[in-house]
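Notes follow the structure.
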Amino acid sequence: MNASSVSGAVPVRRWLLDLAAVFVLLGAAAVGFWPSFAGGSFLVAAYGGALLGIAVAALAAWRGWGILIIAGLTVAVYFVFGGALALPHTTILGVVPTVETLQQLAIGVVTSWKQLLTTVAPVSGADGHFLVPFLLMLVTSVITASLALRLRHPAWALLPAGVLLAAVIAFGTPEPFVPVIQGAVFAVAGIAWLAVRQIWAPQEAAVSVGEGDPSRARHMRMRRLVSGAVVLAVAAGAGVATSALTAPGEVRHVLRDTIIPPFNVHDYPSALQSFRGHVRDASDSTLFTVRGLPEGARVRLAAMDEFDGQVINVVDGGPGSSSAFTPIRSNMSPDAEGVPVTLQVDIDGYDDVWVPQAGLVSEFRFDEGDADTLRRNTFYSTGSATAVATPGLRKGDSYTVDTVIPAEVTVEQLTEAEFGAVRLPKHENVPEELSTLAGEIVSEAETPVEQVQALADFLSEDGFFSHGLEGEVLSRAGHTSERISTLIGGDQMIGDDEQYAVAMALLAGELGIPARVVMGFYPDEKDAGAADFAANGENLHAWVEVPFDGFGWVPFDPTPPEDQVPNDQNTKPRADPKPQVLQPPPPPQEPVDLPPTLPDDRESEDETTNIAAILGAILLIGGISLAIIALLASPFIIIGAWKASRRRSRRMAERTADRIAGGWDELTDRAIDYGARLTPGATRGEEATLVAESLAVPTVTALADRADADVFGPDDPSQEDVDAFWNEVDGIVVGLGSEAGFWKRMKARLSLRSVLGGSAMSSGFQNLKDAASARVRREPGTIDNSTTEAPESETS
């Protein structure tokens with residue numbers, strides 16, 4: 001197809017219709033990425049790639065360029081515009097690509113699929129994930145638009161569009177995005193496009209509606225159009241209603257479910273179990289140093305809200321919940337409100353899996369130590385603001401935390417606030433006396449904040465502080481049901497942050513108040529505001545957080561002051577004693593399955609790696625890459641197979657005369673692929689003249705005369721004549737290839753000119769004319785040499 005044929009043979013309105021339909025079909029499929037990016041941030045990359053691909057296909061179809069040029073243009077567009085649309089953070093002023101941009105674009109063709117699948121949604125475009133929708137839309141739009149513009153039957157263009165829809169689902173999330181609307185738009189757009197194309201091309205219909213009265217023809221077309229619209233509307237409505245009634249109860253499975261290994265926070269011991277150990281062993285030694293911590297901020301290790309009678313642990317609500325743990329990424333807390341700060345954390349004597357951080361973290365960046373391993377194996381829960389590094393942190397590790405510190409909230413601000421709507425797990429094996437005690441403590445409280453404050457005041461004012469270390473009053477470690485029962489039911493409450501924080505959380509739970517225990521560090525008043533904060537056993541604490549509507553999680557400190565210690569004067573029964581009832585021992589608990597001790601050498605992780613899972617992931621990623629390569633190479637394979645099949649059918653025709661005619665058609669087709677311009681409907685002699693002038697092959701003239709003699713002769717040629725004729729045809733074709741260069745020869749092999757136009761389009765009519773002439777010559781006494789023309793209105 002050349003420039004002149006576009007303006008003449010193909011109406012501009014049909015081109016506009018085809019391109020618009022392709023954009024709508026691909027656009028409907030691309031919106032399936034919405035849950036993966038938690039919004040429409042990917043639309044610029046996806047729709048930009050679609051528009052660029054459509055432009056490449058339209059330009060190539062207008063100029064009549066072949067597949068090699070189309071592939072080259074697609075690659076050039078990818079590298080020129082990929083930075084601005086998919087990797088703007090690596091470009092200059094968001095437009096001009098840099099060396100880093102080109103490097104990521106080149107590597108991203110292979111690695112971007114794996115990176116998207118191994119990152120739990122929602123993903124961030126700042127990590128390069130925009131490459132997947134951009135590349136998918138660019139390649140698919142080139143293929144789809146090329147098929148729509150170049151083929152007589154545009155329905156073939158629906159195949160790559162359908163493949164794109166399936167790919168978006170496979171690379172997406174288990175939660176679909178308006179699937180009914182997406183599928184309805186895709187189906188309606190495809191059917192409407194094909195219907196309008198048929199109306200605009202009545203010569204391709206089985207019956208022509210333009211032979212009779214033009215007004216009747218217009219009426220019939222309008223009737224068909226209205227009927228089709230009604231059918232589409234009814235089908236769309238029925239589909240929406242049916243999907244609403246038969247929606248599946250389980251989420252769909254996607255590739256991400258297979259690639260991402262499951263993470264279970266319960267594989268690691270509760271952070272609070274190490275409280276007394278840090279206090280005892282690291283009272284004077286630095287565990288880690290934090291630079292940039294604002295005054296009043298607290299460093300967090302873990303937030304725990306699941307009590308089973310033995311320990312209180314971090315809860316993981318699973319995929320889709322606010323407390324789910326996901327691999328770290330950029331922009332993890334997009335809705336956080338407060339003061340944005342950047343913290344630098346340097347690990348010294350700290351050795352654990354719970355990652356020190358503060359506020360609502362947006363991003364972790366590991367700098368020193370085994371940074372790559374930590375980056376790939378650190379998980380963060382935005383709901384609990386807790387991070388876990390499964391390899392464990394070691395001395396020498398260093399990382400930067402981009403976070404948002406919420407504003408401090410006073411009790412006065414919470415006077416009219418209600419508790420936040422947060423669903424927490426129900427505590428198990430809670431001491432029975434806590435329910436009655438909790439009701440007594442808050443009996444005079446009127447507002448939610450007064451209830452929480454009453455619980456904190458009861459523990460901090462009536463209790464005494466002791467770590468139970470050498471020289472201190474006996475205070476057992478732990479926070480089991482038995483230990484909390486002893487704390488509450490004894491003559492005096494003696495304990496430290498571990499016991500008091502858990503006791504307050506359990507008392508709040510008995511009243512239906514959502515509460516969780518947080519373990520972390522914060523400096524004393526004298527050290528507040530210092531440039532560097534050195535965390536050690538002296539400034540390790542545990543507190544309770546309660547959510548309030550409009551304010552988020554607010555901290556409360558139920559632990560008595562450290563100078564509030566028991567002595568001989570205050571060692572007396574508590575006021576208003578209640579008769580003690582011997583409680584039965586708590587039910588036996590199943591032993592807590594603790595993971596094996598983390599090895600000192602991180603290289604030992606390779607010994608416990610699931611080889612089968614890794615091989616499966618590698619094979620899956622490799623299969624996806626091969627599928628993409630196969631998709632890109634499929635047009636070349638299809639064209640080669642198409643031409644080979646056509647050559648075989650010509651060579652193996654039923655009549656030997658048809659084999660001779662097919663040999664000539666094969667020669668002219670090859671000549672057209674090499675650039676010859678033949679007139680449709682020309683005789684073989686005329687075609688031979690044009691081929692000889694275009695490609696300087698004088699022997700084709702004699703071959704054309706021989707073909708006419710064999711086809712129109714009184715007797716059918718023998719098989720030896722056929723073989724000799726085809727040998728001469730093959731010799732001429734080989735000569736054309738040997739005189740042309742490598743690239744011209746490849747371009748000819750992959751050219752569609754002989755498939756879409758030239759003698760291939762008129763071969764059917766030529767065969768009919770040859771057969772009719774042969775019959776005339778064989779019938780004795782027949783002298784009529786007139787030519788019979790088929791009616792213009794007759795169509796197949």
Side-chain angles (χ1 to χ4, degrees), residues 1 5-6 9-32 47 50-51 53-55 57-58 60-62 137 139-168 179-211 217-240 631 634-635 638 642 752 755-757 761 793-796:
M1 181 181 296
S5 65
V6 169
V10 181
V12 175
R13 66 172 186 172
R14 203 204 79 180
W15 270 54
L16 296 178
L17 172 67
D18 293 345
L19 298 181
V22 169
F23 184 79
V24 172
L25 290 172
L26 301 185
V31 296
Y47 289 166
L51 291 175
I54 290 174
W62 175 55
M137 292 292 281
V139 175
T140 309
S141 60
V142 170
I143 298 175
T144 306
S146 297
L147 294 177
L149 296 176
R150 293 172 179 258
L151 296 184
R152 174 174 296 182
H153 300 289
W156 290 104
L158 295 177
L159 289 179
V163 171
L164 174 66
L165 182 61
V168 171
V180 175
I181 298 177
Q182 183 184 14
V185 171
F186 189 92
V188 170
I191 297 174
W193 172 43
L194 298 180
V196 174
R197 276 290 302 270
Q198 187 178 23
I199 292 175
W200 284 359
Q203 69 276 8
E204 297 179 4
V207 178
S208 177
V209 297
E211 296 178 356
R218 286 193 299 270
H219 175 70
M220 292 179 63
R221 293 192 184 105
M222 182 59 64
R223 224 174 123 188
R224 290 166 55 192
L225 186 61
V226 173
S227 301
V230 172
V231 170
L232 291 176
V234 172
V240 171
L631 180 63
S634 59
I638 292 174
W642 192 348
L752 291 173
V755 177
L756 302 178
M761 296 184 65
S793 61
E794 182 179 350
T795 58
S796 58

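Heavy atoms only: backbone and side chains are in, while hydrogens, waters and symmetry mates are out. For reference, positions follow the sequence shown, starting with 1.
Of all non-hydrogen atoms in Pro154 and Leu194, the two that sit nearest each other are CG-CD2, 3.9 Å. Here the shortest heavy-atom pairing between Phe186 and Gly162 reads CZ-N, 3.9 Å. The two residues Ala145 and Ala57 make their nearest non-hydrogen contact at CB-CB, 3.4 Å. What you find for Trp62 and Trp15 is that their closest heavy atoms are N-CH2, 3.5 Å.
Leu147 pairs by the side-chain contact (heavy atoms from CB on, under 4.5 Å) definition with Ile143, Leu151, Ala157, Pro160, not counting sequence neighbours.
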Under 3.5 Å, which donor-acceptor pairs do the side chains of residues 16-29 form with other protein atoms, sequence neighbours left out?
{"residue": "Asp18", "atom": "OD1", "partner": "Trp193", "partner atom": "NE1", "Å": "2.9"}
{"residue": "Asp18", "atom": "OD1", "partner": "Arg197", "partner atom": "NH1", "Å": "3.0"}
{"residue": "Asp18", "atom": "OD2", "partner": "Arg14", "partner atom": "NE", "Å": "3.4"}
{"residue": "Asp18", "atom": "OD2", "partner": "Arg197", "partner atom": "NH1", "Å": "3.0"}

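In this structure, OG1 in Thr140 is found 12.5 Å from CG in Leu159, a value given to the nearest 0.5 Å. Distance CD1/Ile54 to CG/Leu149: 9.0 Å, rounded to 0.5 Å.
Considering only heavy atoms from C-beta on, Leu164 comes within 4.5 Å of Met137 through its side chain.
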